[in-house]
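Atoms considered below: every heavy atom in the structure, side chains included; atoms not considered: hydrogens, waters and symmetry mates. Every chain is numbered from 1, with letters handed out A, B, ... down the list of sequences.
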4 protein chains.
Amino acid sequence: MPAFKRLPRAVRERQMLDSAVRVFSRRGYHAASMDEIAEAAGVSKPMVYAYLGTKEELFTACLHREATRLMETVAGAVEPDVPADRQLWNGLRAFFDVVATSREGWTVLYRQARGLEPFAAELADMRSRMVRVVTVLLGRAMAGSGGRATETELEVMAHALVGAGESLADWMTDHPGADPAKTATQMMNVAWLGADRLLGGTSWHPEAGR
Amino acid sequence: MPAFKRLPRAVRERQMLDSAVRVFSRRGYHAASMDEIAEAAGVSKPMVYAYLGTKEELFTACLHREATRLMETVAGAVEPDVPADRQLWNGLRAFFDVVATSREGWTVLYRQARGLEPFAAELADMRSRMVRVVTVLLGRAMAGSGGRATETELEVMAHALVGAGESLADWMTDHPGADPAKTATQMMNVAWLGADRLLGGTSWHPEAGR
Amino acid sequence: MPAFKRLPRAVRERQMLDSAVRVFSRRGYHAASMDEIAEAAGVSKPMVYAYLGTKEELFTACLHREATRLMETVAGAVEPDVPADRQLWNGLRAFFDVVATSREGWTVLYRQARGLEPFAAELADMRSRMVRVVTVLLGRAMAGSGGRATETELEVMAHALVGAGESLADWMTDHPGADPAKTATQMMNVAWLGADRLLGGTSWHPEAGR
Amino acid sequence: MPAFKRLPRAVRERQMLDSAVRVFSRRGYHAASMDEIAEAAGVSKPMVYAYLGTKEELFTACLHREATRLMETVAGAVEPDVPADRQLWNGLRAFFDVVATSREGWTVLYRQARGLEPFAAELADMRSRMVRVVTVLLGRAMAGSGGRATETELEVMAHALVGAGESLADWMTDHPGADPAKTATQMMNVAWLGADRLLGGTSWHPEAGR
DNA sequence: AATGAATGAGGTTTCATTCAT
DNA sequence: AATGAATGAAACCTCATTCAT
């Protein structure tokens, strides 16, 4: 079943990436074969190699595209002049939105890549950037509260928050009906308020004056 | 290069598992070859197949052994008659201890397995058990505080906490000097107290009367 | 030693089947290696797998091709409006012709397959069809002779005839100079002269005075 | 499960051969593993090697034992002073008796070995001896009937008869209820009625108006 | 621009077979 | 006398990758 029409390169590339993401998600990096990807894209294998290169390069390309999509969405949700907690909530909601929307895209590739050299390194990098952003956010919040946590402590906190976020992203993947905004709020209740207060009855809400 | 001596089965099996964990960790499941594992164990390939079975079964065996080691250590650290926060801290410290001690053993296998069918399913199971334990813990804590979170909310909280723990385990893997007890405390500060209070200067400490 | 030229699939497939039949005949199913078959066809192993599939499938393909060749030749020799004995002779001669012509093709594969799961079952099927055809032929002959053999007796007779045919096919394989037509006649002299009398009502009995 | 007692060599050997025949007939020569055979005999593998040698030698041993059993039974059924037809019937009945009694033995001998180098050669030998016996029998019968078949013609007849016998043996294998004596009679009805006339001088010819 | 044809390389798995106890 | 421990060798199969058309 050859491609029906000669299409401009950009379109073809998009088709291939779409197929690649789908196949990689379903089968996993190693079990996915270039054959299957090419077929899924309705193209012959040499085309894939001509346009996107090696299997490794192709996977990297998938990773990049999905990562960019995620990062940009989150970045677009930022409102710089808002309190730190609200900023965090905004970012979380955007993050959960993306995850819920393109389940195949992000989560699965992410899960794959984290355990798979030579992609793990790259992923770790991206994760570091996220942690850094959160760290800065926490730093700003602290500046307005008179706290005195060390830089390392802030970093550890940020790691914990990012991990919690990832974990809930996974949870959403398994609960298709879950609402991103609500999940973001629930996470804020743990992360921001703390289990102690939360369990005691206090609760955090995005619309609260703070 | 024949094995140096005839050893009883139990010994050889342990050697093989050790080597397998090491090789799987370094190379990743797919890139690891049975050849390399056998050689690392100082044994010929057929021995590996005779004692531990297929590559898949071998990996599963590694997973099981490391998971058991982890679970038992954590379970052994539990002190049932202690307040919930302290219990959580105990568990966390034990968890971080194991991770820091056998870096190759757990973290890497865990990272691998989570993105790799047919292991992901089994791992997900184990993770579910962990989440359940934490959920129960939270429920008990709430019972003593008069809160009114729903079951689902508790579960989401538990997911967040587990994710944060995993994330910090990763962080420890990259920071060999880190102290498990201290890391556990830091995580409690986020998870139990909440970022808000923490940043404001309050802090949680394992020895505090509560 | 790469293939000399790029050839269309149909051609290559034929070459491969030819080689496979030859190698399977010489070495036997298990002793034959895909490597040797590929080399004999002047092709690399992956081509064999790409075009003809698994070793089992390849053997089945060989069996099918040779069986078809045989069946069609025999079927082509049938003249429906001729007396039963003549029809039988026609079929036999055609059968011996094929066997004598492609010695490697049929007999050897047939011998192999009869003792080899999972091919035996299929072969048994084909043999059953042959027996059935002969049974019908005998039934028609009896109808014109007033005999009264039971259905089972006819079937046993047919089995005996088919076995005799196979045996003589083997004999021909070992006597390259033998003439198919003459052999067919000789077999008729045993088989038909007996069948004829039997179908006509005469019968032999162990206790008879002779 | 080691053998329960130290047994004399002869007994052990018999056990092993029994198991070997059973396993070979169930699995086929190649699919049968020495492991399985040893286990089936309740003995360790080195014992099998010590007593019966290589796999090839073991199979040959099976072949020999079963062949001997068959030959001796048939030979024991001969009554030299009886007419040729009755002698043939006696032999056939004994033959079918053995086959019906030890189905597994027959399977190993014929279905397997006939298509399998290096055993086929040996089997062919045994078969030759059978053919020779039948040929002689036919010759004697002819001498008493005034026929004039050539030596080759007799041999061809013998081949046909042996083939028919084998085929009916197979048929019996698939019809466990069948009666050896009756089957022998049925085969005589085809084979002998024909041979009888043929040896008496009548002959069939394709061009005969019939 | 696009593809059918082709392969090198490597991995898992299974056996028959033998030591050393 | 008997066996658990051990291995060399080889088979099947699959894949990423590239020519030649």
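Between F59(B) and Y29(B), the two ring planes are perpendicular [angle over 60°; tilted spans 30° to 60°].
By the 4.0 Å N-to-carboxylate-O rule, R26(C) lies close enough to E104(C) to be salt-bridged with it.
Among dT7(F), dT3(E), dG4(F), the nucleotide with an atom closest to any side-chain atom of P46(A) is dT3(E). Among the nucleotides dT7(E), dT17(E), dC13(F), the one closest to any side-chain atom of S44(C) is dT7(E). You'll find that the side chain of K55(A) is closest to dA16(F), out of dA11(F), dA2(F), dA16(F).
With the nearest nucleotide of DNA chain F identified for both A50(B) and Y49(C), A50(B) has the one nearer the 5' end. With DNA chain F read from its 5' end, the first of the two nearest nucleotides for M47(B) and D35(A) is the one closest to M47(B).
When the side-chain nitrogen and oxygen atoms of Y51(D) are compared with OP1 and OP2 of dA1(F), none of them lie within a distance under 4.0 Å. Regarding contacts with the backbone of dA1(E), every side-chain N or O of R9(A) stays at 4.0 angstrom or more from both OP1 and OP2. For R12(A) and dA1(E), the shortest distance from a side-chain N or O to OP1 or OP2 is not below 4.0 Å.
Residues R65(D) and D18(D) have side chains in contact (heavy-atom distance under 4.5 Å, counting atoms from C-beta outward).
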>> Both atom distances under 3.5 Å, Watson-Crick or G-U wobble: I'd like the secondary structure of DNA chain E as a dot-bracket string, with | for pairs made across strands.
In response: .||||||||||||||||||||
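Atom NZ in K45(D) sits about 19 Å away from atom P in dT21(E), given to the nearest Å. As rounded to whole Å, 14 Å separates atom P of dT3(E) from atom CE of M34(A). One interatomic measurement links the two molecules: CG of L7(B) to C1' of dA20(E), which rounds to 13 Å at whole-angstrom precision. Rounded to a whole Å, the OH atom of Y29(C) is 11 Å from the C1' atom of dA11(F).
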> R114(D) and D170(C): salt bridge (charged side-chain N to carboxylate O under 4.0 Å, His left out), yes or no, with the steps?
Replying inline: CA-CA 11 Å; R114(D) 281 203 63 188; D170(C) 277 0; 2.3 Å; yes
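The two atoms that bring S44(C) and A38(C) nearest to each other are C-CB, 3.9 Å, heavy atoms only. The shortest heavy-atom contact between L109(B) and G105(B) is CG-O, 3.2 Å.
Applying the salt bridge (charged side-chain N to carboxylate O under 4.0 Å, His left out) rule to pairs touching residues 45-62 of chain A yields D35(A)-K45(A), sequence neighbours excluded.
Heavy atoms of A32(B) sit under 4.0 angstrom from primed sugar atoms or phosphate atoms, though from no base atom.
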